[in-house]
Amino acid sequence: MADGGGPGRGRRSLAAGAAVLGVALATAVWAVARDPSPERGRSPPGATGPGVSAPTPPAVEPSPRTTPRPRPRPRGRLVIHGTGDVSLDPHYVPNFLRYGFGYAWSGLGALFRRDDLTVVNLECPVSTLGSPVEKRFTFRGDPAALPAMRRAGVEVANLGNNHAYDYGPEALLDTLRNLRAHRIAPVGAGADGREATRAAVFRLRGWRVAVVGIGNVVEPEPESVAGPGKPGVACNDDVRCMVRAVRRADRRADLVVVSIHWGVELQPEPRADQVAMARAMIDAGADVIFGHHSHRLGSVGSYRGRPIFWSLGNFVWPRLSAAGARTAVAEVVVAPGGRIQARLLPVEIEDSGHPVLLGR
């Protein structure tokens, strides 16, 4: 098994073009719409007196201008975290059988419980259903792991990756049900192409935040790709699919976060096709991109003031090498006025399945 644990092929060219590399603090500003509350209209006065009845005012259809609308909640400061690959397979991470599934999250100092939103890449179905598909490595997460994951503060799980379909469509659909039952929103996979690209939308501190999942590296291909009436993961190589998904999310939200599985194993820096995809999605309305798949920690870039985390490496994963154990949590802070700050919080996978936040 490769140090990355056997995920997909390096299918794309190694052309240069990553011109936006480097850790960056990016800024972006959104206009806050004003919502005035005009005065109510007044009914005309009626005459009263002995022998004179008060006239009945004519019926008037209420006007939107005469009905005060509730003022929108002021926007507050948002903290959003993203991670790379998470495995809940106790056979791949035997420490879960020894210490329990809470071991996966116990080294983080409650980081995800203190933020507003946490998005992880869930690199396995979480189901007891289905049968393994024909491929070299297959993973199966245990549904008993989900309560600890939710208690740790994880709200969103991206299934747009090359292991979500490891036990076929029955297990994939069951995984969606299991995640929702534990109040974890699945993205990046669905019962058909439309559901697979549908965003999870949250109202947080006066903001509407949409999260989109994209699987640019999938296995087996094309069986695992969602389509009309066909369960699977989102988009594969179809950049137009990615752009449509982001545009739909952008119409529903103030901020759009994309979690995308892309690139080549053990190559953390972006290639020309990844740069082009990132720019297309940001042009379509994406504000933050969390990338993963290479099993190595990469740099942070930006385009039009939006941060791009090219490769977030492993997270809840076996400790297979020193290089694969060096990783990070992506942290994005959005100020009330819309300014975005992005950074990496260093993490070490000190023991298999046990990432530990450093310097806390």
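Predicted model, so just to flag it, every value in this text is computed and none were measured.
In terms of heavy-atom proximity, V233 sits nearest to G160 at CB-CA, 4.2 Å. Pairing each heavy atom of P318 with each of S352, the nearest pair is CA-OG, 3.6 Å. Across all non-hydrogen atoms, the minimal contact from V258 to V246 is CG2-CG2, 3.9 Å. Of all heavy-atom pairs between A200 and A185, the closest is CB-CB, 3.8 Å. Of all non-hydrogen atoms in A249 and A210, the two that sit nearest each other are CB-CB, 3.9 Å. Residues S87 and V93 approach most closely at OG-CG2, 4.2 Å, considering heavy atoms.
At a threshold of 4.5 Å between non-hydrogen side-chain atoms, the residues W105 and V86 count as touching. Two residues are said to be in side-chain contact when any heavy atoms from C-beta on lie closer than 4.5 Å; V133 and P220 meet this criterion. The closest side-chain heavy-atom distance from D351 to R319 is not below 4.5 Å. The shortest distance between side-chain heavy atoms of M149 and V120 falls below 4.5 Å. Taking 4.5 Å as the limit, every side-chain heavy atom of V333 sits out of range of all side-chain heavy atoms of L78. In this structure the side chain of P355 never reaches within 4.5 angstrom of the side chain of E348, judged on heavy atoms. F202 is listed as a side-chain neighbour of V156, based on a closest heavy-atom distance under 4.5 Å. By the 4.5 Å heavy-atom criterion applied to side chains, L117 and V211 are counted as neighbours.
Residues satisfying the ring-ring contact (aromatic ring centres under 6.0 Å, His included) criterion with F309, sequence neighbours excluded, are F290. Here R114 pairs with nothing under the salt bridge (charged side-chain N to carboxylate O under 4.0 Å, His left out) rule; sequence neighbours left out. Scanning for disulfide (SG to SG under 2.5 Å) contacts around C235 gives C241, with sequence neighbours left out.
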| side chain to side chain contact (heavy atoms under 4.5 Å, CB included) between V212 and V187, worked out | CA-CA 6 Å; V212 175; V187 296; over 6 Å; no

| field | Pair L176-L159, side chain to side chain contact (heavy atoms under 4.5 Å, CB included): steps then yes or no | value | CA-CA 9 Å; L176 302 178; L159 295 170; 3.6 Å; yes

| field | Step-by-step side-chain hydrogen bond (donor to acceptor under 3.5 Å, both in side chains) determination, S224 to E219 | value | CA-CA 6 Å; S224 63; E219 286 181 345; over 6 Å; no

| query | For N162 and H293, what are the C-alpha separation, side-chain angles and deciding distance, and is it a side chain to side chain contact (heavy atoms under 4.5 Å, CB included)? | reply | CA-CA 9 Å; N162 58 312; H293 172 62; 3.9 Å; yes

| query | For S127 and T175, what are the C-alpha separation, side-chain angles and deciding distance, and is it a side-chain hydrogen bond (donor to acceptor under 3.5 Å, both in side chains)? | reply | CA-CA 6 Å; S127 172; T175 299; 5.0 Å; no

| task | Apply side-chain hydrogen bond (donor to acceptor under 3.5 Å, both in side chains) to R248 and T197, showing your working. | result | CA-CA 9 Å; R248 284 198 300 268; T197 56; 2.5 Å; yes

| task | Test L122 against L88 for side chain to side chain contact (heavy atoms under 4.5 Å, CB included), laying out the working first. | result | CA-CA 8 Å; L122 183 56; L88 301 179; 3.8 Å; yes

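For residues 323-336, the pairs satisfying side chain to side chain donor-acceptor pair (under 3.5 Å) are H81-E331, E331-R343, with sequence neighbours left out. Annotation: salt bridge (Lys or Arg N to Asp or Glu O under 4.0 Å) contacts involving residues 187-196, sequence neighbours excluded, comprise R180-E195. A salt bridge (Lys or Arg N to Asp or Glu O under 4.0 Å) check over residues 156-178, counting only residues at least two apart or in different chains, returns the pairs K135-D166, D174-R177.
Comment: R77 does not engage D116 in a salt bridge, judged by the lack of any side-chain N to carboxylate O separation of less than 4.0 angstrom. A salt bridge links R208 with D254: at least one charged nitrogen is closer than 4.0 Å to a carboxylate oxygen.
Checked by atom type and distance alone, the side chain of E221 never pairs as donor or acceptor with a backbone atom of V218 at under 3.5 Å. The backbone N or O of G141 sits nowhere less than 3.5 Å from a side-chain atom of D89 that would complete a donor-acceptor pair. One N or O on the side chain of N178 and one on the backbone of V126 form a donor-acceptor pair closer than 3.5 Å. At least one donor-acceptor pair closer than 3.5 Å links the side chain of E155 to the backbone N or O of T118. Counting only distance, with no hydrogens or angles, the side chain of N314 and the backbone of G324 share a donor-acceptor pair below 3.5 Å. Side chain of R296 to main chain of S311: no donor-acceptor pair is present (N/O by atom type, distance under 3.5 Å, no hydrogens or angles). At distances below 3.5 Å, not a single donor-acceptor pair connects side-chain atoms of K230 with backbone N or O atoms of G193. No side-chain donor-acceptor contact under 3.5 Å links H295 to the backbone of L266.
For the residue pair N161/N121, the side-chain donor-acceptor check at 3.5 Å is satisfied.
The aromatic rings of H261 and H292 sit tilted, their planes meeting at an angle between 30° and 60°. Under the 30°/60° scheme for interplanar angles, the aromatic rings of F96 and F101 are found to be tilted. Classified by interplanar angle (parallel below 30°, tilted 30° to 60°, perpendicular above 60°), the ring pair F315/F112 is tilted.
A distance of 9.0 Å separates CG of D273 from CH2 of W262, quoted to the nearest 0.5 Å. For the atom pair I282 CD1 and M277 CE, the distance stands at 12.5 Å (nearest 0.5 Å). Here the CZ-OG1 distance, from R140 to T128, works out to 6.5 Å after rounding to the nearest 0.5 Å. The line from CG of L129 to CG of L173 is 10.0 Å long, rounded to the nearest 0.5 Å.
Aromatic pair W317/Y92: ring centres closer than 6.0 Å.
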